[in-house]
K.L.:
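My structure is below; once you've seen it, I'll send some questions.
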Amino acid sequence: MKFEFIPLDYDYFDFKGRNYVRMIGRTDKGKKVCVVDDYEPNFYLVLENGADAKKIVKNIRKVRIEKAGRVSEVLKTEILDKNYLGKKVKAIRVFVTNHKDLQAIATEIGEVKGILARREFDISLVTKYIKERGVESMKWYSVEGEIIGEEDFGGFANSIDLDVCVSASKIKSLEKNKVFEPKILAYDIETTEVEIGKGEVLMISLYGENFKKVLTWKKCSKAQNYVETFRDESKMLEKFVEYVNEYDPDVLTGYFSDGFDLPYLKAAAQNNKIPLSLGLDGKGPSFTRGRIPSGKISGIVHLDLYRFIRSVFSQYLQSETLSLNEVAKELIGDQKEDFDFSKLSKMTDSDWKDFFSYNLQDAVVTYDLAHKIWPDIFEFSSIVKEPLFDVTRDSMATHVENYILHNLDRFDEIAEKRPLGQEIGERRAKGKYEGAFVFEPVPGLYDDLAMFDFTSMYASVIVTYNLSKSTYLRKDRFSKKAGFFPTMLGEIIDKRKKHKKEYANEPSGMLKARSNAYKLLANASYGYQAYFGARYYCREAAAATARLAKENILSAIKRIEKAGHKIIYSDTDSIAFLSEGKNRKKILKLLEDINSKLPGIMELDLEDFYSRGLFVSKRGKGGGAKKKYALLDSSGKAKIRGFETVRRDWCGLTRNLQSKILEDILEDGNEKAALKLLKNVVWKLKKREVDLNDLIIRTQLRRAIEGYIAEGPHVAAAKKMEAAGIKVSAGMLVSYYVGEVNGKGKRIRDRVFLPNEKANYDIDYYLNNQILPAVENIFEVFGLNVREIIDGEKQEKLF
DNA sequence: GCGGCGCTTATACC
DNA sequence: ACCGGTATAAGCGCCGC
């Protein structure tokens with residue numbers, strides 16, 4: 001039979017000791033199908049110059065190992081002309097029986113004379129399959145094949161529940177370039193405990209197209225009609241499985257569901273001694289090891305939105321935390337409902353009703369969020385050529401690496417190996433190298449500024465100067481012959497430009513996602529070369545990238561100065577300077593002049609014009625503070641960087657006041673209104689009229705409590721939480737305020753109170769450790785000493 | 001008991 | 001451990017007086 005097919009999920013199985021890839025996807029008619037393809041596992045031997053390839057082949061043909069009840073042997077070999085790290089080499093491609101034994105066979109062959117390196121035995125089977133056969137995630141194919149019968153592959157077809165299961169004889173790529181719209185089902189659970197394996201699942205919400213349910217075993221006379229009540233937890237779990245399998249989604253999505261919902265459900269099923277038979281094979285979720293376990297369900301792509309958002313998407317976001325609440329608010333508007341969890345101990349029927357609604361709403365929000373970022377997930381998967389499951393969990397470094405791996409064959413390149421423990425240790429032991437240039441500003445309020453910035457600076461430096469592992473010669477010298485890494489990066493930059501332009505002409509979610517994906521890949525590639533875990537690690541290339549970027553920005557600064565402009569600030573790839581009465585046209589001419597002399601693909605761009613800019617001094621010490629400024633753009637919008645306003649570990653009172661003060665000063669050009677604002681807040685603070693919510697300080701607990709050498713206020717707060725029976729864990733945001741205590745109380749941590757604890761807020765602390773430090777450097781620009789002014793007011797009041 | 005300084009810690013910028 | 005270096009600044013920890 002023949003049909004059109006898009007792969008959504010990949011895995012593999014063994015039959016008679018051989019490997020087969022199994023892809024689950026949809027046909028163009030919307031049928032969920034399984035396509036089985038055979039795979040010939042293989043790796044490479046890179047030969048030394050002048051080695052006797054035929055002799056080596058003769059020797060290795062005999063290699064055979066027995067392991068885990070399997071026999072693996074060398075089935076065939078090919079002698080090929082390939083490239084390895086950019087150099088022409090003779091190589092032997094060694095085909096073996098089973099992918100699982102690649103490493104063992106490579107070890108068995110050993111470091112024989114004539115063999116320079118053994119490579120590509122450390123790439124996953126699915127990645128190798130996609131790389132070699134070109135059957136890529138999120139692309140359309142025409143598939144021809146035989147329906148898999150009941151007896152085939154040891155009764156394989158019986159164990160999975162699908163419309164069709166085929167063994168492919170021909171898979172041909174189709175020229176179809178449209179976004180695939182998956183069938184998404186979102187879920188969320190509420191439980192009595194937060195620890196996996198403890199407590200019970202109170203309810204499970206499910207939300208999809210024309211589908212909304214809340215499953216529970218809590219009886220409630222006021223339950224909404226979408227609530228289904230079961231006899232007990234076990235019956236509820238069974239129905240959950242039934243509904244998911246019946247709905248038959250391509251994607252089952254949750255928020256932090258790898259870390260919570262799915263493992264909790266699995267443990268709850270175990271506690272009830274029932275299977276959680278989700279998925280096509282009915283085996284339920286399996287968890288792959290890792291820092292965070294990844295929950296895999298056969299035939300359904302389990303997608304934890306939190307993980308993709310954290311590793312890929314978070315850099316677009318303004319949100320201070322990656323909670324569903326905040327992320328959803330930013331991306332799809334305010335949707336999440338509130339629920340007071342302290343009610344849980346004594347719930348009325350009406351409370352339960354609210355809780356059901358809250359639970360459902362979380363699934364709705366998750367569903368909407370999944371749709372919102374689907375174009376980004378789709379594009380990432382199709383650009384990086386890795387399955388959805390992996391692409392939504394991999395780090396940026398892995399994305400860069402996968403992009404490279406899947407594009408190496410165009411360069412006839414054999415892939416470099418992944419570093420092992422010892423090598424990682426050696427790489428990490430190397431100290432830091434010198435990084436970016438940051439200009440020390442002179443504190444002051446400036447009028448009429450222009451800002452230039454280099455587009456994708458580090459990436460364009462890598463491309464321009466050909467900086468990579470395979471082009472590195474010796475001591476700061478790199479080959480002139482274009483390497484595959486800089487070439488690929490050049491292509492990434494070109495594609496980013498192309499799609500950005502297309503998006504500008506005809507905006508669409510897909511084009512925006514595509515251009516963003518290329519931008520992110522380009523931006524992550526510099527860090528990749530300095531990352532200890534990278535196959536193509538090259539500290540020298542990374543150090544040279546930083547050094548050459550610095551040379552280029554310093555020479556651009558000189559040119560701008562030479563044209564008669566005073567430099568106000570510069571950080572890494574941007575330069576702010578005074579327009580000096582020159583009009584925009586003249587400044588654009590200057591930009592053009594500089595650009596004409598820039599090397600390679602390097603490009604300076606006009607970032608924006610600003611009517612005012614404020615720079616302050618460092619606290620305590622002299623000199624201008626770097627990475628801290630406020631600018632007013634031509635449309636009247638303030639751009640605030642580094643100030644307490646943008647730091648989440650300062651209280652709301654301070655942040656709001658400082659941001660208003662900065663905006664007032666930028667708009668008025670003087671400090672008069674701002675000073676009034678300050679006096680007003682100080683007055684309110686002293687009269688205890690400030691709302692406690694505005695005084696809460698939030699700080700992340702970045703490790704377990706025992707891990708701290710210095711016990712700061714947030715650690716003290718975490719200890720208090722623990723004492724109150726609240727679970728604390730690394731990564732959580734701790735909230736507290738500083739209040740008055742009797743007797744001892746020298747240290748701030750001794751004056752820490754949790755938000756629900758009653759105390760008088762410590763006026764002195766909020767004045768001297770929050771408000772004044774945040775504003776004094778701003779007023780100092782105008783020659784004012786606000787500490788004296790505030791003290792003066794106090795004196796006046798006394799008299 | 002207190003000032004000073006180094007260190008630890010969190011968070012930001014690019 | 002899951003991309004890099006540069007930077008500010010608070011508050012603890014500890015020393016010396």
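Convention: sequence-line order gives letters A, B, ...; per-chain numbering from 1. Computation of the quantities below employed the complete heavy-atom set of this structure, encompassing side-chain atoms and omitting hydrogens, waters and symmetry-equivalent molecules.
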K.L.:
Within the pair A/Arg647 and B/dA12, is there a side-chain N or O less than 4.0 Å away from OP1 or OP2?
P.N.:
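No, outside the criterion.
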K.L.:
Has the side chain of A/Arg648 got a donor or acceptor that lies under 3.5 Å from a partner of the other kind on the base of B/dT11?
P.N.:
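No such pair is found, so the answer is no.
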K.L.:
State which of B/dA10, B/dC13, C/dT6 makes the closest approach to the side chain of A/Val438.
P.N.:
C/dT6
K.L.:
Should A/Arg703 be listed as having a side-chain N or O under 4.0 Å from OP1 or OP2 of B/dT9?
P.N.:
yes
K.L.:
Centres of the A/His714 and A/Tyr708 rings: under 6.0 Å?
P.N.:
yes
K.L.:
Check whether the ring centres of A/Tyr737 and A/Phe753 lie less than 6.0 Å apart, and answer yes or no.
P.N.:
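Between A/Tyr737 and A/Phe753, the centre distance is under 6.0 Å.
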K.L.:
Heavy atoms only, 4.0 Å cut-off, all strands: where does A/Phe437 land among base, sugar-phosphate and nothing?
P.N.:
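Touches nothing.
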K.L.:
Of all the choices, C/dC12, B/dC14, C/dT6, which nucleotide is nearest to the side chain of A/Arg641 once you look at every atom?
P.N.:
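Given the options C/dC12, B/dC14, C/dT6, the side chain of A/Arg641 is closest to B/dC14.
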K.L.:
Would a line drawn from the ring center of A/Phe615 to the ring center of A/Tyr569 be shorter than 6.0 Å?
P.N.:
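Between A/Tyr569 and A/Phe615, which both carry aromatic rings, the centre distance is below 6.0 Å.
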K.L.:
Heavy atoms from C-beta onward define the side chain here; which of C/dA10, C/dG4, B/dC14 lies closest to that of A/Tyr526?
P.N.:
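Looking only at side-chain atoms, A/Tyr526 lies closest to C/dG4.
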K.L.:
Taking only side-chain N and O atoms of A/His714, does any of them lie within less than 4.0 angstrom of OP1 or OP2 on B/dA10?
P.N.:
yes
K.L.:
OP1 or OP2 of C/dC3 versus the side-chain N and O atoms of A/Arg535: is any pair under 4.0 Å?
P.N.:
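Indeed not, no polar side-chain atom of A/Arg535 lies that close.
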K.L.:
Between C/dA1 and C/dG5, how far is it from one P atom to the other, in whole Å?
P.N.:
16 Å
K.L.:
Mind checking A/Asp453 for me? I need base, sugar-phosphate or nothing, with any heavy atom below 4.0 Å counting as a touch.
P.N.:
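Nothing: the residue A/Asp453, judged by heavy atoms under 4.0 Å, touches no strand.
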K.L.:
As a test of reading the structure: which of C/dA10, B/dT11, C/dG4 is closest to the side chain of A/Arg619, going by heavy atoms?
P.N.:
C/dA10
